[in-house]
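Since we're looking at a predicted model, the values are computed, not measured. Chain letters run A, B, ... following the sequence lines, proteins first and then strands; every chain starts at 1.
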Number of protein chains: 2
Amino acid sequence: MNKHGEAIARFAKHKSTHGLKSSDKRSFVVDHFIQADRHFTVEELYFEVKKLRPEISYSTVYRALKLLAKCGLASESMFGETVSRYEPVHSSAHHDHLVCNKCGRIIEFENDKIEKLQKDVARNYDFLVSAHRLELYGLCKKCRRKKAL
Amino acid sequence: MNKHGEAIARFAKHKSTHGLKSSDKRSFVVDHFIQADRHFTVEELYFEVKKLRPEISYSTVYRALKLLAKCGLASESMFGETVSRYEPVHSSAHHDHLVCNKCGRIIEFENDKIEKLQKDVARNYDFLVSAHRLELYGLCKKCRRKKAL
DNA sequence: TATGAAATTGCAATTCATTTTCATAATTGT
DNA sequence: ACAATTATGAAAATGAATTGCAATTTCATA
Ligand SMILES: [Mn+2]
Ligand SMILES: [Mn+2]
Ligand SMILES: [Zn+2]
Ligand SMILES: [Zn+2]
């Protein structure tokens, strides 16, 4: 099973263990979100969904994302904007982000050495880390080129 | 000159080069902010200032912090809350944060190795970094102890 | 010291994303 | 089909951030 299927299955399990009912609309939103696998604002996801299923409301999209976040299937970030962004959380690995201030591109990366050093820092302060956030802001490759012209 | 004096001097310079005028109220807010040297929400700073100078309004505090942020004398962060926090930016070094989810304590740290590795990551993606943000969330030493009881 | 352009202030009003309310509809177990 | 519960849409409420505006203060110049 691919990671999308996995995510869908995890959501199904969450529904069954939490007395949630199934609904075509929410399923459509969740599927689209998982398939697209991007960093959506609620509004962005709403507009994409609306093109295909105009009868789905903003509330439903909003609630679907909040639900996914609450049950650990989506993660919420701010990336220096005034709106939250949500991305699917795959059972796979954690990652951090490069955020382009020009075009908004979001690049994901993993760096074990940094992760390791973070643990060292925490140990130094007797701090128990449950989550972390590392974001590098600047200009992506493309925007750098454009600017150079 | 200590770092507080330095910050005050930098603000004076900014005022002179930007046609800003002096005002007791704003100066009081700025001084208190710089002296306290903490991670304030606008509201927190407002309430502290109000105790000493009740005639100073929320707007003045809000605008003072925005101004300091704009001219690089304060930095703005979210730390996973719904409100922004501001802290003085000293000419000294950059730092990152450990944020306690229980008591709200904010611990600052610097780690050159991590900074170095971030540059490596950026170079890998041909990304030009202008700022970054690293936050470790969890339980501070004290809250860890309490929980263990 | 008096003047006036420009900046500052307080208060209220507004903006904007997010969240909640509530009446209605859909789902699920019996 | 029925009852109980969850899901939905539209509108209203919330709350932090921001702005509009009239009144006040600053400050260079007369
Ligand atoms: Mn991501
Ligand atoms: Mn700090
Ligand atoms: Zn870019
Ligand atoms: Zn703590």
Side-chain angles (χ1 to χ4, degrees), chain A residues 11-33 39-47 49-71 73-86 104, chain B residues 11-33 39-47 49-71 73-86 104:
Chain A
F11 185 52
K13 171 168 286 181
H14 179 88
K15 282 193 296 184
S16 71
T17 60
H18 288 73
L20 303 187
K21 295 179 177 175
S22 294
S23 107
D24 277 356
K25 290 172 178 176
R26 181 169 59 197
S27 294
F28 186 86
V29 172
V30 169
D31 289 356
H32 189 88
F33 174 67
H39 304 79
F40 282 106
T41 65
V42 176
E43 198 184 25
E44 285 170 358
L45 181 56
Y46 168 61
F47 281 124
V49 161
K50 198 169 71 156
K51 281 180 201 158
L52 306 163
R53 296 282 301 272
E55 76 280 16
I56 294 177
S57 74
Y58 183 91
S59 293
T60 293
V61 176
Y62 167 80
R63 286 192 272 234
L65 287 178
K66 264 303 176 208
L67 176 59
L68 291 175
K70 190 149 49 178
C71 68
L73 291 167
S75 81
E76 192 177 348
S77 306
M78 290 286 289
F79 297 135
E81 303 168 294
T82 60
V83 289
S84 290
R85 287 187 179 273
Y86 295 84
Chain B
F11 184 52
K13 171 168 287 183
H14 179 87
K15 281 195 295 185
S16 73
T17 59
H18 287 73
L20 302 188
K21 295 179 176 172
S22 293
S23 106
D24 277 356
K25 290 173 179 177
R26 181 169 59 198
S27 294
F28 187 86
V29 172
V30 169
D31 290 356
H32 189 89
F33 173 67
H39 304 78
F40 282 105
T41 64
V42 176
E43 197 184 26
E44 286 170 358
L45 181 56
Y46 168 60
F47 282 126
V49 161
K50 198 170 71 157
K51 281 180 201 159
L52 305 164
R53 297 281 302 272
E55 75 280 15
I56 295 178
S57 75
Y58 181 91
S59 292
T60 293
V61 176
Y62 168 79
R63 286 192 269 234
L65 287 179
K66 263 303 175 208
L67 176 59
L68 291 176
K70 189 150 48 179
C71 68
L73 290 167
S75 81
E76 192 177 348
S77 306
M78 289 286 289
F79 297 136
E81 302 168 296
T82 60
V83 289
S84 290
R85 287 187 178 274
Y86 294 83

- prompt: Does a nitrogen or oxygen in the side chain of Lys25(B) sit under 4.0 Å from OP1 or OP2 of dG10(C)?
  reply: yes
Between Ser23(A) and dA7(D), is there a contact of a side-chain N or O with OP1 or OP2 at under 4.0 Å? no
Letter by letter from the 5' end, nucleotides 14-23 of chain C scores (B base, S sugar-phosphate only, - none; protein heavy atoms under 4.0 Å) ---SBBBB--
I'd like a list of close polar pairs between nucleotides 1-3 of chain C and the protein, N/O only, cut-off under 3.5 Å.
none

Side chains of Leu52(A) and Phe28(A) in contact at under 4.5 Å (non-hydrogen atoms):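 Answer yes - side chains close enough.
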Out of dA10(D), dG10(C), dT8(C), minimum distance to the side chain of Ser57(B) belongs to dG10(C)
Ordered by number, residues from residues 11-20 of chain B within less than 4.0 Å of DNA chain C (heavy atoms) are Gly19(B), Leu20(B)
*Could you list the residues that satisfy ring-ring contact (aromatic ring centres under 6.0 Å, His included) with Tyr46(A), not counting sequence neighbours?*
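So Tyr46(A) forms a ring-ring contact (aromatic ring centres under 6.0 Å, His included) with Tyr58(A).
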Exercise. Take atom CZ of Arg26(B) and atom P of dG10(C), then tell me their distance rounded to the nearest Å.
Key: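 Roughly 12 Å, once rounded to whole Å.
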Worksheet item: Are Arg85(A) and Glu44(A) close enough, and set up right, to give a salt bridge (charged side-chain N to carboxylate O under 4.0 Å, His left out), and what steps lead you there?
Response: CA-CA 9 Å; Arg85(A) 287 187 179 273; Glu44(A) 285 170 358; 3.0 Å; yes
To the nearest 10 degrees, the angle between the two end axes of the helix from dT1(C)-dA30(D) to dT30(C)-dA1(D) (five pairs per end) comes to 20°
Sequence neighbours excluded, the answer for side-chain hydrogen bond (donor to acceptor under 3.5 Å, both in side chains) partners of Ser23(B) is none
